[in-house]
Amino acid sequence: MSVSQTQRHAIRGMLADLKMPGSLEAVDAILGEVDGGRVGATDAISRLLGAQISLRNNRRLQAAMRSSRLPAIKTLEGFDFSFQPSIKREQIESLHELGFIERKENVVFLGPPGVGKTHLAISLAIAAAKGGRRVYYGTLTDLIRSLEEAQAAGQLSRRLAVLTHPSLLVVDEIGYLPVSHAGAVLFFQLMNRRYEHASTVLTSNKGFEDWGTVLGDEVMAAALIDRVLHHCHLVNIRGNSFRMREHTALHQALQADLDVQAGRKAPRSRARSTN
Ligand SMILES: Nc1ncnc2c1ncn2[C@@H]1O[C@H](COP(=O)(O)OP(=O)(O)O)[C@@H](O)[C@H]1O
Ligand SMILES: [Mg+2]
């Protein structure tokens, strides 16, 4: 069925009127394929609406990247699950459907450096931002510093409100740098406010048993962990550093060369440890 120029013009007019630039840009190509009999009506409608949704999501993402302080773009598609067998793919995929944000649950990624904790925390934040949720990212040190500055300026309650507002807050790198007792108290206040109010994604290279040392207060750490874990998805990653994988491969290749030169039989490559 061919689409007349008049119909085409009318459709373009309606898309412009509805302020749908994504669909407007795609409509000629889609109608061309309809004309050529390559695309049916259902597909055409779905592609037309899909073009608008993807433009809107990209805009949301750009705005979120500006306001959320996310340090990089990391996505689920860019995550190599085969490299990290201790991670349950279904668990991560289901978290990316964002029901946990609806239910105000938390996510905690634990594991040694380089295993993808920050990557997955950011990809959850990006999925949420694409879904129109307000997100905010900070390392524990950044967040505490901003609370301390606000406190010094007499604006603590305003800053706490700002950091309680996002549907998803990422608190990255708990455990890398020491935290002052006053800083830990401020962080506790923030997490107390967010408890059962909005979701937080936390990452740490330290097990919960060490959070008392990290925060300089065992009792407060226990109270914090109690709140965080009350409604929580725990992702414990036991594996090798992705950052080191190229170094490891290079090291093995060099060693094999040296072995060959020395007339030794190259050792069989050892299976990667998964825990
Ligand atoms: N399984 C993986 N697939 C793809 N990239 C990964 C994977 N794990 C880690 N990376 C990448 O390796 C780097 C280190 O990962 P990161 O998430 O920062 O580790 P962590 O926060 O656990 O220290 C990042 O650039 C990240 O995107
Ligand atoms: Mg990290």
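Numbers here simply count residues along the sequence, with the first being 1. Note that ligands are numbered from 1 as they come in the structure, with each ligand's atoms numbered from 1 the same way.
Residue H119 holds the heavy atom nearest to atom 17 (O) of ligand 1 of all those in H119, E173, R243. Relative to atom 16 (P) of ligand 1, the option among S123, P71, G116 with the closest non-hydrogen atom is G116. Nearest to atom 11 (C) of ligand 1 by heavy atom, out of F242, Y176, F81, F109, is F242. Residue nearest to atom 20 (P) of ligand 1, selected from A72, G114, S82: G114 (by heavy-atom distance).
Atom CD of E196 has more than 12 heavy atoms from other residues, nucleotides or ligands within 6.0 Å. Heavy atoms from other residues, nucleotides or ligands lying under 6.0 Å from CD of Q7 number more than 12.
Of all protein heavy atoms, the one closest to atom 3 (N) of ligand 1 is D80 N, 2.7 Å. Looking only at heavy atoms of the protein, atom 25 (O) of ligand 1 is closest to K74 NZ, 3.0 Å.
Under the 4.0 Å criterion applied to side-chain N and carboxylate O atoms, D28 and R12 are assigned as salt-bridge partners. Of the charged side-chain nitrogens involved, none lies within less than 4.0 Å of a carboxylate oxygen, so that K88 and E90 do not count as a salt-bridged pair.
From S167, atom OG reaches atom CZ of R134 across 8.5 Å, with rounding to the nearest 0.5 Å.
For F83 and F81, the distance between ring centers is not under 6.0 angstrom.
Checking T118 against the Mg ion (ligand 2), an N/O/S atom falls under the 2.8 Å cut-off.
Proximity of P113 to ligand 1 is established by a heavy-atom distance of less than 4.0 Å.
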